[in-house]
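Keep in mind the model is a prediction, meaning the values are calculated, not measured.
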Amino acid sequence: MRIALVGDRSPSVRSHARIPLLMEALRERDGIALDPYWIPTTDVTGLDAFDGIWILPGSPYRDEDGAVQAARVAREQRIPFLGTCGGFQHMLLEVARHVCGLDVAHAENEPGARDFLLTPLACSLAGHENLVRLTPGSRIEQIMGTPTTMEAYVCSYGLNEAYTQTLTAGGLVFSGHAADDGAVRVAELPGHPFFLATMYQPELAGDGRRPHPVIAAFAAAVARHAGQGEAAYAGTP
């Protein structure tokens, strides 16, 4: 089961360093053997051949369009998708541009743009933990099995809340919010096999030897997607 890890791999990014531990833990704990391929944002061709797409932290990426395109392939091809931190931000850009038709930018990437979908946080969350309230009945709430969760961040940019209603009209559900100020922390796309993004970094939970429930749920969705593909192939004359 091949998954595309979209991001510009760097030993200085803590979440990147956690990937080998998480892959090993998924094999040992859940019996799910994922074959991860690092895909730079400068070359995202062929993503539709993967069983899962995960846009990892590490923004600003070398190629914003590459990260946005990765989210688009996952959405349109119904490939299980997980976006964390920068992946969350660029998934929002994808939906805003290609579903809602908005001409909006990421302030970190285009500081001279006219309209921003992603703007600097009033108080950076980099290096902090924050309580997140989960919407009852949402996918994230079902995954976590609890109405709240304490999560770790390495983030300084968030959604411009002026666009929340437009993105909601485009099909996104904002299913996790900061307990203190109500700011968006989780987004998901109902009707998709698995399309979930978090502003926080579940990769950093614990010591990496017990995958965060979000990562375990993504891996399970990848396994289901791969199984369906194999079944379809086996039934082909």
Side-chain angles (χ1 to χ4, degrees), residues 5-26 29-30 54-61 67 81-93 106-108 117-161 164 167 172-188 194-220:
L5 303 177
V6 179
D8 307 312
R9 189 177 187 180
S10 170
S12 65
V13 178
R14 287 177 60 206
S15 65
H16 294 188
R18 282 288 181 91
I19 292 299
L21 284 173
L22 292 169
M23 295 298 108
E24 180 181 358
L26 287 168
R29 192 177 75 96
D30 299 335
W54 182 354
I55 305 182
L56 284 156
S59 60
Y61 301 119
F81 170 84
L82 178 60
T84 52
C85 195
F88 166 86
Q89 297 165 10
H90 287 71
M91 179 278 285
L92 294 180
L93 278 177
H106 191 316
E108 184 177 34
L117 183 72
L118 287 310
T119 53
L121 298 173
C123 295
S124 173
L125 288 171
H128 294 277
E129 290 190 343
N130 182 262
L131 186 67
V132 181
R133 297 194 184 280
L134 309 178
T135 301
S138 63
R139 171 165 274 174
I140 186 66
E141 193 262 350
Q142 293 172 3
I143 288 171
M144 298 304 300
T146 179
T148 62
T149 178
M150 184 67 73
E151 300 293 346
Y153 297 81
V154 184
C155 188
S156 298
Y157 290 82
L159 173 65
N160 178 349
E161 303 279 340
T164 300
L167 291 173
L172 281 182
V173 169
F174 296 111
S175 52
H177 298 82
D180 53 0
D181 62 6
V184 169
R185 296 291 183 258
V186 184
E188 55 188 72
F194 190 95
F195 196 93
L196 180 71
T198 66
M199 188 169 157
Y200 51 84
Q201 295 190 15
E203 305 92 335
L204 303 182
D207 60 2
R209 300 185 186 280
R210 182 177 179 84
H212 188 287
V214 163
I215 296 173
F218 169 66

Residues L92, F174; criterion side-chain contact (heavy atoms from CB on, under 4.5 Å); working and verdict: CA-CA 11 Å; L92 294 180; F174 296 111; 4.0 Å; yes

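- Within the 4.5 Å cutoff, no side-chain heavy atoms of R14 are placed close to those of P57.
- Looking only at distances, no side-chain donor or acceptor of H128 sits under 3.5 Å from a matching main-chain atom of V154.
- Heavy atoms of other residues, nucleotides or ligands lying less than 6.0 angstrom from CZ of R209 number 12 at most.
- I19 places a side-chain heavy atom less than 4.5 Å from the side chain of W54.
- In this structure, L118 and N160 have side chains that are not in contact, with every pair of non-hydrogen atoms separated by 4.5 Å or more.
- When all heavy atoms of S12 and S10 are compared, the closest pair comes out as OG-OG, 2.7 Å.
- Atom CD of Q142 sits about 11.0 Å away from atom CG of L134, to the nearest 0.5 Å.
- In this structure, M150 and E129 have side chains that are in contact, with non-hydrogen atoms separated by less than 4.5 Å.
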From CA spacing to verdict: side-chain contact (heavy atoms from CB on, under 4.5 Å), R185, T198: CA-CA 6 Å; R185 296 291 183 258; T198 66; over 6 Å; no

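- If you take CG on D30 and CD1 on I215, they are separated by 11.0 Å, rounding to the nearest 0.5 Å.
- G182 and H177 get closest at one heavy-atom pair: O-CD2, 3.2 Å.
- Between atom CG of residue L26 and atom CZ of residue R210 there is a gap of 11.5 Å, rounded to the nearest 0.5 Å.
- Side-chain contact between E188 and I140 is present, with at least one heavy-atom pair separated by less than 4.5 Å.
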Test side-chain contact (heavy atoms from CB on, under 4.5 Å) applied to L82 and F88, step by step: CA-CA 8 Å; L82 178 60; F88 166 86; over 6 Å; no

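- When the options T119, L167, L121 are evaluated for a side-chain contact (heavy atoms from CB on, under 4.5 Å) with L159, the one that passes is L167.
- Atom-to-atom distance recorded for L131:CG and T148:OG1 is 5.0 Å, nearest 0.5 angstrom.
- For Q89 (side chain) and Y157 (main-chain N/O), a donor-acceptor pair under 3.5 Å exists by modelled atom type.
- Between M199 and V186, the closest side-chain pair of non-hydrogen atoms is not below 4.5 Å.
- With E203 contributing its side chain and H16 its backbone, the two residues share no donor-acceptor pair below 3.5 Å.
- With E141 contributing its side chain and G137 its backbone, the two residues share a donor-acceptor pair below 3.5 Å.
- Between the CD1 atom of I55 and the SG atom of C85 there is a distance of 12.0 Å, given to the nearest 0.5 Å.
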Derivation and outcome, side-chain contact (heavy atoms from CB on, under 4.5 Å), residues V214 and L196: CA-CA 9 Å; V214 163; L196 180 71; 4.0 Å; yes

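- Counting heavy atoms from C-beta on, the side chains of H212 and M144 come closer than 4.5 Å.
- Nearest heavy atom pair, residue E161 against residue A183, reads OE2-CA, 3.6 Å.
- Between P213 and I143, the closest heavy-atom pair is O-CG2, 3.5 Å.
- Between the side chain of S59 and the backbone N or O of Y61 there is no donor-acceptor pair closer than 3.5 Å.
- A heavy-atom distance below 4.5 Å is not found between the side chains of R139 and S175.
- Distance alone, capped at 3.5 Å, places no donor-acceptor pair between the E151 side chain and the N130 backbone.
- In this structure a side-chain-to-backbone donor-acceptor pair under 3.5 Å is missing from Q201 to S15.
- Residue T84 comes nearest to Y200 through the heavy atom pair CB-O, 4.0 Å, listed as atom of the first residue, atom of the second, then distance.
- Note: H90 and H106 have tilted aromatic rings, judged against thresholds of 30 and 60 degrees for the angle between ring planes.
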